[in-house]
Amino acid sequence: MGGPPNLYSFPDVDKDLAPNLRKYVLEQQNEALARHGVFRVAVSGGSLPKTLAKALLAPSNGSKDDTPEFSKWEVFYADERCVPLDHEDSNHKLVKQDLLDKIPTDLGQPKVYPIDEKFLDDPKECADQYEKTLVSIFAARDSVKLPLFDLLLLGCGPDGHTCSLFPDHPLLREQDAWVLSISDSPKPPPKRITLSLPVVLHAAKIGFVATGGGKKDILKKIFETEQGGNLPSGLVNRGAGEKVSWFCDASATEGVNFPRRGSVM
Ligand SMILES: O=C1O[C@H](COP(=O)(O)O)[C@@H](O)[C@H](O)[C@H]1O
């Protein structure tokens, strides 16, 4: 990858981070719609859905560039916990309650691809079924080696995990599968599915959202140390380089020695 990742650090989440995240997401939307008429985005759970909702549910300035065209969105999950879709641990539940349910009707609704609840007891089957869904969308016309998401919106845990790819876990070595299962997640709940690292690295753009003082030690590690570069978020950061943009607040980047960018152009 050519250039370095982009690190944005904003004084305030509501006033600065959310509007810049909105600009970034809508830029990716508009480029994707111009490319192929649909915007394919995979989102994470955790703290991301709340910040994303602040960004996307804000009133538009009325320009075409600043309008979310939700009816042309296809929303997937970067990772999901094997729990019912209305369970409080479900990433889909968070995204639905914070964002999807609050989209004004005149903006349309995205097509959403949650996991199939039939396979909650069998994470491997759940992952295989989700991969089949991706194959039916991304590889229907010609066969592709990896699905090309227009945008991935990811979180970074305080241990450096992203999606449900955890530090030192054998899943990080997977080269072929698109969607993986994990039954021993160090963070509960233990049973989950996740996009594989090659799929993450292949995405057109990758936006991390990391806010709050609880993220500053891990960001310092990722941006400043060799060891941090080998953590899951660090592997994405190093491997995808300039395709990666970090949307952080000042508390998360305090003491992080890496050049920051101003605002999204
Ligand atoms: O378990 C998970 O954690 C990560 C990070 O969450 P955060 O609350 O620290 O932002 C999240 O991105 C992932 O989707 C989720 O399953």
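Residue indices begin at 1 and follow the sequence shown. Ligands are counted one by one from 1 in listed order, and the atoms in each one are counted from 1 as well.
- Atoms of ligand 1 lying under 4.0 Å from at least one heavy atom of R192, given by number and element, are 1 (O), 2 (C), 16 (O).
- If you check each of G155, G46, S47, S90 against atom 10 (O) of ligand 1, the one with the closest non-hydrogen atom is S47.
- The pair R40-E74 counts as a salt bridge, with a side-chain nitrogen and a carboxylate oxygen less than 4.0 angstrom apart.
- When only non-hydrogen protein atoms are considered, atom 1 (O) of ligand 1 lies nearest to R81 NH2, 2.9 Å.
- Less than 4.0 angstrom separates some heavy atom of K215 from each of these atoms of ligand 1: 7 (P), 9 (O), 10 (O).
- Contact between E80 and ligand 1 is absent, with no heavy atom of the residue lying under 4.0 Å from the ligand.
- Ion pairing between a basic and an acidic side chain is recognised when a charged N comes within 4.0 Å of a carboxylate O; K64 and E69 show such pairing.
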Give every donor-acceptor pair under 3.5 Å between a side-chain atom in residues 49-58 and any protein atom, sequence neighbours left out.
unit_1, atom_1, unit_2, atom_2, d
K54, NZ, D14, OD1, 3.1

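- Interface atoms of ligand 1 facing D79, defined by a heavy-atom separation under 4.0 Å, are 13 (C), 14 (O), 15 (C), 16 (O).
- A salt bridge links D66 to R22: at least one charged side-chain nitrogen sits closer than 4.0 Å to a carboxylate oxygen.
- W246 meets the ring-ring contact (aromatic ring centres under 6.0 Å, His included) test with F208, F223; sequence neighbours excluded.
- What sits closest to atom 4 (C) of ligand 1 on the protein, heavy atoms only, is H161 NE2, 3.2 Å.
- Listed by atom number, the atoms of ligand 1 under 4.0 Å from N91 heavy atoms are 14 (O), 16 (O).
- Between K118 and D116, at least one side-chain N (NZ, or NE/NH1/NH2) sits under 4.0 Å from a carboxylate O, which counts as a salt bridge.
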